[in-house]
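Lettering follows sequence order; numbering is per chain, from 1. What's counted below: heavy atoms across the whole structure, side chains too, no hydrogens, waters or symmetry copies.
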2 protein chains.
Amino acid sequence: MFTLSDSIEDYLKKLLSLSSRYYVDIRRYELSRKFFCAPSQINYVLSSRFSPERGYLVESRRGGKGYIRIYRLEPLQSRTWMEMVEQLTSADFNPVKAMQFLKRGSEEKIITQREARLLETMLKDDLYNGLPVMKAQVHALQSKLFKAAIAEVLKECY
Amino acid sequence: MFTLSDSIEDYLKKLLSLSSRYYVDIRRYELSRKFFCAPSQINYVLSSRFSPERGYLVESRRGGKGYIRIYRLEPLQSRTWMEMVEQLTSADFNPVKAMQFLKRGSEEKIITQREARLLETMLKDDLYNGLPVMKAQVHALQSKLFKAAIAEVLKECY
DNA sequence: ATGTATATGGTCAGTAAAGGTCAAACATGC
DNA sequence: GCATGTTTGACCTTTACTGACCATATACAT
């Protein structure tokens, strides 16, 4: 059930939570040896699981003494989070990205897990099957529903 | 008269009842081999016999190390709620009726007010404007979304 | 300073391993 | 014969992972 990527993700998150600072430094090659995988696997994990949408920031330096530094970003205020969601224009809206926002929102207690799951429902493409519309239109609709629902949920915060 | 689908259904239900958890994980291809059938047969069984209306919920992950997870929903506390939802079949589904259910649900503390507002958003017809579909189709979609979302909440009754 | 070797990390296309969809064929009961 | 439910296969999408090739920083000798 658990993929290599999942294990590496867990390992890095554990490192972060054990660290007294906001970031951890790793060596790409070393880490890849630890998990018996290709170095580029590390990049895959970083880009699929430590994206800004999910509340992380990655910086790195090449060459001798090179490193990769992973920051856990400051938890967002619900207002900021909502603004970020609203700024997703329907052009760059896609369910995967939206899902990442949900994950961050629930991790940072802006919305509850149940609310996250409810919102996730709107993003499940298969519910929209059978409609005589193209995928882009489905995404546009999802985007509208998604944003409207989040606004509703957070309404009382203002 | 037992069909292949019936056997697969039985098999999965047995798995569920033997499991100490409230879900089971399967691999689609493996299962299809076990029953000497096409992989898509499994999807047919899942959609015809393990729908939310029947008290089940299915989630899955594609790609390497993918899986299908089948949840058995707990009917106890939520039986009445479930029955109400079942009445909202897409034929006679209408947003007004659904809204009334929501109201009752939040009064009876099955869902929070925030959740009720979230779900209400799905029922707002004007969000669906611009789609080249008839009202009936919009309602069918709303019904699907609504039911899937409710099932999501019920999943947590354990 | 300059050049070169060494040590990092980055990118991207390709492959593999899942699961999803849909329409058409088939079967069964009325 | 028709309606309904079952089964299949061709084609699609997503996710995980690797390797060849690329870019950049440091170390060190000259």
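Nucleotide D:dT13 holds its C1' atom 18 Å from the CE atom of A:Met134, rounded to whole Å. One interatomic measurement links the two molecules: CZ of B:Arg61 to C1' of D:dT13, which rounds to 15 Å at whole-angstrom precision. In this structure, CD of B:Glu30 is placed 13 Å from C1' of C:dA17, rounded to the nearest angstrom. Remark: P of C:dG10 and CD1 of A:Ile70 are 11 Å apart, rounded to the nearest angstrom. Atom CD of B:Glu59 is separated from atom C1' of C:dG20 by 16 Å (rounded to the nearest Å). Rounded to a whole Å, the CZ atom of B:Phe2 is 15 Å from the C1' atom of D:dT6. The interatomic distance linking A:Tyr67 (OH) with D:dT24 (P) rounds to 16 Å, in whole Å. Taking atom CZ of residue A:Phe36 and atom C1' of nucleotide D:dC17, one finds them 17 Å apart after rounding to whole Å.
Of the possible donor and acceptor atoms, none in the side chain of A:Arg61 sits under 3.5 Å from a partner among the backbone N and O of A:Ile68. Checking side-chain atoms of B:Tyr128 against main-chain N and O of B:Met122 turns up a donor-acceptor pair under 3.5 Å. Although no hydrogens or angles enter the test, the distance criterion places a donor-acceptor pair under 3.5 Å between the side chain of B:Arg117 and the main chain of A:Glu152.
Taking only side-chain nitrogens and oxygens, A:Ser60 comes nearer than 4.0 Å to OP1 or OP2 of C:dG10. Between A:Arg62 and D:dC22 there is no side-chain polar atom (N or O) within less than 4.0 angstrom of OP1 or OP2. Side-chain N/O atoms of A:Arg28 include none lying less than 4.0 angstrom from OP1 or OP2 on C:dT11. In this structure, A:Ser5 reaches the D:dC17 phosphate: one of its side-chain N or O atoms is under 4.0 Å from OP1 or OP2. Taking 4.0 angstrom as the limit, A:Lys135 places none of its side-chain polar atoms (N or O) nearer than this to OP1 or OP2 of D:dT13. The phosphate of C:dT8 (OP1 or OP2) has a side-chain N or O of A:Arg27 nearer than 4.0 angstrom.
Atom CD of A:Glu107 has more than 12 neighbouring heavy atoms from other residues, nucleotides or ligands inside a 6.0 Å radius.
Heavy atoms only, all atoms of each residue included: A:Ile110 and A:Leu76 are closest at CD1-O, 3.7 Å.
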Exercise. Summarise how protein sits on nucleotides 23-30 of chain C as a single string, 5' to 3': B when a protein heavy atom is under 4.0 Å from the base, S for sugar-phosphate-only contact, - for no contact.
Key: ------S-
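Considering only side-chain atoms of B:Lys65, the nucleotide from C:dG19, D:dC17, D:dT15 that sits closest is D:dC17.
Side-chain contact check for B:Gln142 and B:Asp125: at least one donor-acceptor pair (N or O, by modelled atom type) lies under 3.5 Å. Looking at A:Gln100 and A:Ser51, their side chains do bring a donor and an acceptor atom within 3.5 Å of each other. Side-chain contact check for A:Gln41 and A:Ser5: at least one donor-acceptor pair (N or O, by modelled atom type) lies under 3.5 Å.
Heavy atoms of A:Asp126 sit under 4.0 angstrom from primed sugar atoms or phosphate atoms, though from no base atom. Here B:Arg49 lies in heavy-atom contact (under 4.0 Å) with sugar-phosphate atoms only. Residue contacts shown for A:Gly64 include a base, since a base heavy atom lies under 4.0 Å away.
Comparing B:Thr3 and B:Gly63 by the nucleotide of DNA chain D that holds the closest heavy atom to each, the one mapping nearer the 5' end is B:Thr3.
Scanning residues 37-48 of chain B for heavy-atom distances under 4.0 Å to DNA chain D yields B:Cys37, B:Ala38, B:Ser40, B:Gln41, B:Tyr44.
Here A:Lys13 pairs with A:Glu9 in a salt bridge; the nearest charged N to carboxylate O distance falls below 4.0 Å.
Relative orientation of the B:Tyr23 and B:Tyr71 rings is tilted, given thresholds of 30° and 60° on the angle between their planes.
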